[in-house]
Amino acid sequence: MAPAQTRARPLASAPSASSFSRALVYHHDDTSSPSSSSSEDEEEEEEEPVLLTGRRGGVVRGAEEGGRSKEEKQEEPEAVEPASEAVSGKKKTAPITLSLKRVCKVCKGTGHEAGFRGATYIDCPKKPCFLCKMPGHTTISCPHRVAVEHGTFPARCRESTQTHLDFVFERQLRGKLPVLKSSFVIPDQVDCGVVRFHSRRVTCLEFHPTKNSVLLSGDKKGQLGIWNYGKLHEKTIYGSIHSCILNNMKFNPANDGVLYTSSSDGTVHCTDIETGISSCLMDLNPDGWNGPASWRMFYGLDVHSEKSLLLVADNFGYLYLTHPHFCMILMFIFCHNVFSVDARSQSKVGDPMLIHKKGSKVVGLHCNPVQPDMLISCGNDHFARIWDVRQLEDGSSLCSLAHSRVVNSAYFSPLTGSKILTTSQDNRIRVWDSIFGDLDHPSREIVHSHDFNRHLTPFRAEWDPKDPSESLAVVGRYISENYNGVALHPIDFIDTSTGQLLAEVTEPQIMTISPVNKLHPREDILASGSSRSIFIWKPNETEESDEGKSKRKSKEFVVMGAEKKCKGKLEADSDDDFDLDSKGKKPKSQKYDRKKNAKAYEELW
DNA sequence: AAAGGATGGTGCC
DNA sequence: TGGCACCCCTCCTT
């Protein structure tokens, strides 16, 4: 009954004054009193400062660059007279004044500075809010950040209710709909293990459909990891199936030993996960590399559960359908060395069909769990589109769900398929309800920080497959939060029916952003991919929430592969030559001091 | 310890 | 329509 335990989130601490080090060169008549220590946040004068970059050595370089002596640091910058050539381009008669002023690294303006102050990130006030993208405020004061419902727009459709349809729904459906779970079980403890065998960032995760403690993971290098988090020494790595980003994976619903994978190397593979024998079902670049403009990649992938139909989509807006069972037969033949054939020549690939704007990436495909002929696709043309697989033609989409930016993912709800959850790069998660809504508008928009960052795997909000009310969703958060002096990026659990943030789970081991999250289909387990690591979360079993202290019991973290070392009782494999380019070093400091951050966390507990 | 790089979407021309 | 500059709380290697 107890609601999910969440770590207390302290209010963002006020930024402490810090020293600023950039040196600016002003003309003397530009400003009379350049040192304006008391008016930090005031608008500075309109005059453009001239930023002198290093030509005059120590005189103008800031302390950060190490160019200033102690005396220079102590002297608050009043007026320095550099040689006239230092301000070449300016009239040599004009005396200039040096002033150390704060320069914002975001907008290059003065009078403020963006960046971390301790564990709190201060936004540039000249930019729109980093969270909701609206001007006039920053993330710290964003109404969507401090709102109880964590930035929710109420349903826009059916506001003026009481149509005939509503009465019908009310009388016939409402009573049959499952009541909202009284409490959600949130896996908020990393107790099973930490796996670091990927040498590049994790791009996708998938639980085995029948074996409860088997997880599959793909990475940016194309490597596929299969590991049993119940017995951590049982792991398998297939490194030669794909040569770059493994974008999506899906099990064959008819045979849980067979996995389909799509990759940016332009191939779709079908792999027997027991033997590792893999067969290429499709290759979009049979002629090899002819430059980036023509290289095709596979992104979205799903399997039609009833027709043994494989659906994949590429980065040019096309959808491909194929019947992979032919290839499975051929794989069997390969396995037994009966004879050699080229699987590609035998696989039945239909003509590709344009389902999104030509030339745009189709990043997600999902078949409706109840009516698998209903397909949803999403992509870089800012749309998610619903299709009937039986009647696929150009422009035959049943419905187009408009977004203001790229749509990272679109999923039907796992049980009834009546709701759709989309994640867009406009920092909003949307729920589209095909029963109580009309799909012209989302029934709910939830502001949530999952900005696009080219160096991260795109964030995708996912349903909890076990939630009978089909309302719980999990998604990683981009912006960090100040947790008693430590900057951490939590994983958020959101009740999409209300927009309420149910839990934000954090862990001191996880200093990095966790864009990839997968909830177990049967157990209360969360797998999250954060940078190159995978974490398995379980619900906190110690009910006492003595400010979280009881949570800090000793854990059996198991670190495998890349770091070549192991903590805890279980032994990591030592013969792991999988990760060649990792030296097992600890992460170095980031933009804010990560070591300090970690230390602060340790002290905190 | 600081610099650099990988790298995709966007908006402007 | 193509080319190109720009980017903001990354993360890892050199």
Side-chain angles (χ1 to χ4, degrees), chain A residues 12 15 61-67 104-109 112-133 138-140 142 145 196 198-203 219-221 244-245 247 264 291-293 295 297 299 315 357-361 363 379-382 403-408 424-427 449-459 476-483 486-490 510-516 529-533 562-563 579-597:
Chain A
R61 289 214 315 263
E64 270 176 6
E65 286 83 2
C104 173
K105 65 178 180 182
V106 176
C107 73
K108 310 288 186 281
H112 64 276
E113 201 179 37
F116 274 102
R117 310 266 172 85
T120 304
Y121 191 88
I122 309 297
D123 277 349
C124 169
K126 301 276 177 67
K127 292 275 183 174
C129 171
F130 198 66
L131 174 57
C132 74
K133 309 301 178 195
T138 60
T139 307
I140 283 181
C142 177
R145 182 171 175 274
R196 288 201 69 182
H198 286 289
S199 57
R200 291 289 180 271
R201 63 165 206 252
V202 173
T203 55
D219 73 11
K220 191 169 161 282
K221 238 173 151 180
C244 65
I245 313 175
N247 288 312
S264 291
W295 185 259
M297 313 180 212
Y299 279 84
N315 62 330
K357 185 182 168 187
K358 195 168 187 175
S360 72
K361 210 184 269 182
V363 291
N380 283 13
D381 65 351
H382 301 192
H403 297 71
S404 65
R405 295 277 297 277
V406 169
V407 188
N408 289 344
S424 170
Q425 288 180 10
D426 62 2
N427 259 9
S449 172
H450 48 258
D451 277 62
F452 171 74
N453 181 320
R454 64 185 145 171
H455 309 297
L456 298 174
T457 304
F459 289 83
R477 198 191 301 175
Y478 184 38
I479 51 174
S480 64
E481 195 68 63
N482 184 345
Y483 291 85
V486 188
L488 296 174
H489 306 267
I510 310 177
M511 297 292 197
T512 48
I513 295 170
S514 307
V516 190
S530 189
S531 185
R532 307 179 341 192
S533 305
E563 287 204 311
D579 182 13
L580 298 172
D581 51 3
S582 169
K583 308 288 187 298
K585 283 180 193 167
K586 281 194 172 176
K588 290 283 176 63
S589 62
Q590 301 296 312
K591 292 200 173 165
Y592 56 90
D593 191 330
R594 222 164 253 266
K595 275 183 189 166
K596 256 187 203 167
N597 203 15

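Residue numbers begin at 1 in each chain, while the letters A, B, ... track the order of the sequences. Only a predicted model underlies this, so the values are computations on that prediction, with no experimental measurement involved.
Counting any heavy atom pair closer than 4.0 Å across all strands shown, A:Lys133 reaches no nucleic acid atom. In this structure, A:Ile479 reaches the bases: a heavy-atom distance under 4.0 Å links it to at least one base atom across the strands shown. Contacts of A:Arg201 with the nucleic acid, taken as non-hydrogen atoms under 4.0 Å apart, are absent. Among the heavy atoms of the strands lying under 4.0 Å from A:Asn380 are primed sugar atoms or P, OP1, OP2 only; no base atom is included.
Nearest nucleotide to the A:Val406 side chain, out of B:dT10, B:dT7, C:dC9: B:dT10. Closest approach to the A:Phe116 side chain among B:dG8, B:dT10, C:dC9 is made by C:dC9 (side chain taken as heavy atoms from C-beta onward). The A:Asp123 side chain lies nearest to C:dC9 when the options are B:dT10, C:dC9, B:dT7. When distances run from any side-chain atom of A:Lys220 to the nucleotides B:dT7, C:dC11, B:dT10, the shortest one goes to B:dT7. Side-chain proximity of A:Lys361 to C:dT10, C:dC12, B:dG8: nearest is B:dG8. When distances are taken from the side chain of A:Tyr121 to each of C:dC11, B:dG9, C:dC8, the shortest belongs to C:dC8.
With hydrogens and angles left out, the side-chain atoms of A:Thr203 and A:Thr457 include no donor and acceptor closer than 3.5 Å. For the residue pair A:Ser199 and A:Asp219, no side-chain donor N or O sits within less than 3.5 Å of a side-chain acceptor on the partner.
Remark: A:Lys133 qualifies as a cation-pi partner of A:Phe130 under the 6.0 Å distance and 45° angle criteria applied to the six-membered ring.
The one candidate from A:Asn453, A:Asp451, A:Asn427 that meets the side-chain hydrogen bond (donor to acceptor under 3.5 Å, both in side chains) condition with A:Tyr478 is A:Asn453.
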